[in-house]
There are 2 protein chains.
Amino acid sequence: MTTIHEVAEAAGVSISTVSYALSGKRPVSEKTRVRIEDAVRVLGYEPDAGARMLAGRRTHIFALTEPLRADTHAPTHMAFVLATAVAARQRGYDILLLTDEQASEGMNRVAASNLVDAILVLDVAPDDARAAIARTVRTPTVFIGIPDDQEGLTCVDLDFEAAGHLAVDRLADAGHTRITLLGQTEVSYRKSNFPRRLLHGVQDRAVERGVGLDWVTTGTSATDTAAVRAAAEAAIARGDRAFIVHAVDDVHAALLAVLDERGLLVGEDVSVISAAASFDTTTLPVPVDTIPLVPQQSCELAVDLAVRRLEEADVRPGIHLIPPEYRSVGSVAPRG
Amino acid sequence: MTTIHEVAEAAGVSISTVSYALSGKRPVSEKTRVRIEDAVRVLGYEPDAGARMLAGRRTHIFALTEPLRADTHAPTHMAFVLATAVAARQRGYDILLLTDEQASEGMNRVAASNLVDAILVLDVAPDDARAAIARTVRTPTVFIGIPDDQEGLTCVDLDFEAAGHLAVDRLADAGHTRITLLGQTEVSYRKSNFPRRLLHGVQDRAVERGVGLDWVTTGTSATDTAAVRAAAEAAIARGDRAFIVHAVDDVHAALLAVLDERGLLVGEDVSVISAAASFDTTTLPVPVDTIPLVPQQSCELAVDLAVRRLEEADVRPGIHLIPPEYRSVGSVAPRG
DNA sequence: TTGAAAGCGTTACCAT
DNA sequence: ATGGTAACGCTTTCAA
């Protein structure tokens with residue numbers, strides 16, 4: 001194993017100079033820095049993680065807690081984990097997974113043992129037990145998602161309410177007077193926070209704009225295509241010609257299939273907006289206007305906040321909402 | 001922060017006694033041990049991770065590398081990640097995620113910095129670049145899956161060939177003379193190793209038993225239900241009445257739907273065996289005999305091997321195949 | 001711009 | 001059965 005001593009010797013300097021040359025925390029002359037960097041490369045030196053943690057006060061590791069409930073949508077979840085890991089690596093941090101059923105125990109453990117510099121919380125529930133823990137541990141914690149009691153927490157998320165407003169506005173502007181919201185699974189409106197935030201955004205703005213609203217959940221399983229089709233057909237029979245879809249890809253596909261069968265042209269006879277989808281909507285059989293939920297955005301912001309909490313002292317807790325963006329591809333039909 | 005010194009003082013012993021009481025590496029009298037444990041509990045002591053890494057030679061962290069290719073099936077992948085994390089925690093290890101596109105860089109980094117005690121490799125490709133790295137780093141590495149060149153590696157996996165044999169034998173024993181293998185996506189037969197191992201097992205045994213075999217892939221997308229249905233209907237038209245399904249849940253559902261529409265009763269008119277499925281087949285609309293791929297089995301074995309490599313010195317590299325198990329629920333129909 | 005040396009909190013060896 | 005203490009390899013203060 002190569003140590004800092006060997007690097008120092010090879011470069012003909014002291015170990016403190018090596019340390020400073022690598023951390024950049026003190027100016028080092030050009031020529032010595034180059035000599036040190038060469039030695040590092042030649043010897044294949046990598047600082048010992050344990051020594052670094054002990055001597056410095058940084059572990060360069062973030063914990064990522066994920067409860068992994070049964071109703072978790074795996075592809076979406078993976079996208080968030082991946083985005084977090086990538087963002088963290090870019091800032092020089094590794095991700096330690098905390099998947100315990102009692103993620104609480106893990107949070108306390110990694111905080112007490114100084115194993116991580118910060119904790120990132122995924123898959124946040126309305127009454128999330130991790131909120132209380134975040135308040136007691138002194139390890140900076142950032143939530144990707146928003147629990148009901150946000151007191152003293154740092155949270156990051158898409159502004160789902162604004163996304164709801166945006167979707168309704170577009171449809172109302174186009175002249176629609178009735179809208180169907182094809183929503184998430186029933187359970188997710190209880191176990192998660194974001195579905196109802198979008199729902200409220202849609203409901204409130206629908207009232208403001210004076211448009212009728214039908215809200216339909218996907219039943220127990222998001223992949224239960226039959227239920228989705230039935231809901232879509234009922235909406236069509238009802239005369240609804242405007243859809244906001246807040247659901248997984250299968251639900252989008254099912255709706256578009258029903259519309260196609262009924263001979264209804266999207267962007268012509270009916271309007272469809274995909275709200276807060278984290279998958280690639282451009283691969284849908286028909287182009288659909290989208291207000292995307294971009295995991296990279298949330299996760300990069302979360303990592304950035306965590307890093308800032310470590311480097312600056314004056315970072316206040318608070319909710320950071322990401323403004324929604326409307327991507328139009330012509331799936332909203334103007335109605336006379 | 002509570003240190004071992006404070007615990008020692010509170011318990012009225014030396015720090016070495018505290019250390020030994022907690023590690024169990026030296027006998028400690030009943031009464032002192034209890035006093036120490038009390039002090040630990042009262043003070044909320046947790047050993048400092050950095051100090052532990054530096055002084056001991058163990059970090060109590062395993063790295064888990066996962067390339068996360070585009071064709072990765074998210075739910076299956078998550079099941080393996082979760083199973084690994086749980087198994088590791090049970091043995092006192094945390095999981096550090098390595099999701100870099102170049103997982104290679106990550107492996108070298110964590111190995112060189114002594115950040116982890118062992119590396120677990122997920123989602124193994126036939127020509128996996130991580131195999132070469134595993135041979136060069138001195139950090140013990142265990143593959144969950146099997147690359148083409150296994151020289152000097154430690155690998156764990158279900159015995160897919162044996163699973164193929166088992167499935168064919170059951171159908172041949174029941175009197176079937178033609179079998180359709182409803183397989184994975186086309187790309188997975190190139191990018192992964194296990195689909196072709198099952199395929200070979202099925203092919204070889206089919207030849208031995210003198211039964212005809214039709215092999216059908218799922219096309220590009222496993223969720224392309226239409227293609228699956230077409231394949232199933234072609235097989236039925238062909239006269240095939242025996243199916244081995246090696247695919248995700250949607251494919252199972254599609255096949256069963258087609259059989260139902262044709263009025264063919266599973267276990268009566270047709271035989272269906274699900275091979276190497278990692279999801280819960282008992283929730284399928286019709287009971288299906290299953291040769292399950294249990295992530296917990298593979299992952300626990302992998303963690304166990306990693307731990308053994310750390311604790312014992314005499315663990316040899318090699319392939320560890322888990323024998324398949326046949327779970328019969330009567331979906332194989334005897335044919336006169 | 002550079003060096004020397006004092007910790008950091010454990011583990012594990014050497015005593016007793 | 002227990003205690004004292006030397007590492008472990010780095011960061012950072014203090015000096016020059």
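Quick note on labels: first sequence line is chain A, next is B, and so on, each numbered from 1.
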Legend entry - side-chain contact (heavy atoms from CB on, under 4.5 Å), paired with B:V110, selected from B:I61, B:T65, B:V116: B:V116
Inset, instruction - Return the orientation label for the B:F194 and B:F160 ring planes: parallel under 30°, perpendicular over 60°, tilted otherwise. - result: tilted
Inset, instruction - Specify the residue among B:R26 and B:A51 whose closest nucleotide of DNA chain D lies further upstream toward the 5′ end. - result: B:R26
Legend entry - Lys/Arg N to Asp/Glu carboxylate O, B:R35 vs B:D38, below 4.0 Å: no
Legend entry - Leading and trailing nucleotides of DNA chain C with any atom under 4.0 Å from heavy atoms of chain B: C:dG9 to C:dC14
Legend entry - B:K25 NZ - D:dA1 C1' separation (whole Å): 19 Å
Legend entry - Net bend of the helix from C:dT1-D:dA16 to C:dT16-D:dA1, end axes of five pairs each, nearest 10 degrees: 30°
Inset, instruction - Rounded off to whole Å, could you give me the OH-to-P distance for the A:Y20 and D:dT12 pair? - result: 7 Å
Inset, instruction - Using a 4.5 Å cut-off on heavy atoms from C-beta on, say whether the side chain of B:I322 contacts that of B:S298. - result: yes
Legend entry - Residue mapping more 5' on DNA chain D - nearest nucleotide basis, B:S14 or A:R57: B:S14
Legend entry - Any A:Y45 side-chain nitrogen or oxygen under 4.0 Å from OP1 or OP2 of D:dC10: yes
Inset, instruction - Please determine if a side-chain N or O atom of B:T32 lies less than 4.0 Å away from the OP1 or OP2 oxygen of D:dA1. - result: no
Inset, instruction - Report yes if at least one side-chain N or O of B:S29 is closer than 4.0 Å to OP1 or OP2 of D:dA1; otherwise report no. - result: no
Legend entry - Nucleotide nearest A:S16 when distance is taken to its side chain, options D:dC8, D:dG3, D:dT12: D:dT12
